[in-house]
Amino acid sequence: MRWIALGACLAACGGPCLYARPDGEPIGYIVDNQPVELDDGAAAGWWTLTAETPWGPLAFAARGPARTELVACAPAGAVPPVAAAPSAP
C-alpha cells in the first residue's frame, strides 16, 4: 500500500482504498480525480469519504494518518496519472 496526498480542494487522487467500514477489507478504490468530502471517522486513522455518484452521494471509510494522506490500494496501471495543474501567467 502507498500513501496518496490530497490537494487543498480535497480532490481525491486516483487510488485511495475504499472500505465499507473501519477495520474492514478494502472494497474498491477511486479511479479518477474527483472532489470528495472527508470527515472525521469513527476511529483514529479512519475518515468518512463521501463522493458524488450518479445515484447520489455515497459514503465510505478511508484510512490514513491525516485527511491529506490516504492509503492507496489501486493496482499498478489501474489509475491514470494526475495531470499537472496549469501555471498562472
Give every donor-acceptor pair under 3.5 Å between a side-chain atom in residues 51-58 and any protein atom, sequence neighbours left out.
from, atom 1, to, atom 2, distance (Å)
Thr53, OG1, Trp55, N, 3.1
Thr53, OG1, Gly56, N, 3.4
Thr53, OG1, Gly56, O, 2.5

task: Please identify each residue that fulfils salt bridge (charged side-chain N to carboxylate O under 4.0 Å, His left out) with Asp40, with sequence neighbours left out.
output: Arg67
- request: Measure the shortest side-chain to side-chain distance between Tyr19 and Glu25 over non-hydrogen atoms and say whether it is less than 4.5 angstrom.
  value: no
query: Which residues satisfy the side chain to side chain contact (heavy atoms under 4.5 Å, CB included) test with Ala59, sequence neighbours excluded?
result: Thr48, Thr50
query: Hey, what do you get for CG (Leu18) to CD1 (Ile27), rounding to the nearest 0.5 Å?
result: 6.5 Å
- prompt: Under 3.5 Å, is there a donor-acceptor pair between the side chain of Trp47 and the main chain of Ala61?
  reply: no
query: Rounded to the nearest 0.5 Å, how far does CZ of Phe60 lie from CD1 of Ile30?
result: 8.5 Å
field: Pro65, Pro16, Cys17 screened by side chain to side chain contact (heavy atoms under 4.5 Å, CB included) with Leu70, the one that passes
entry: Pro16
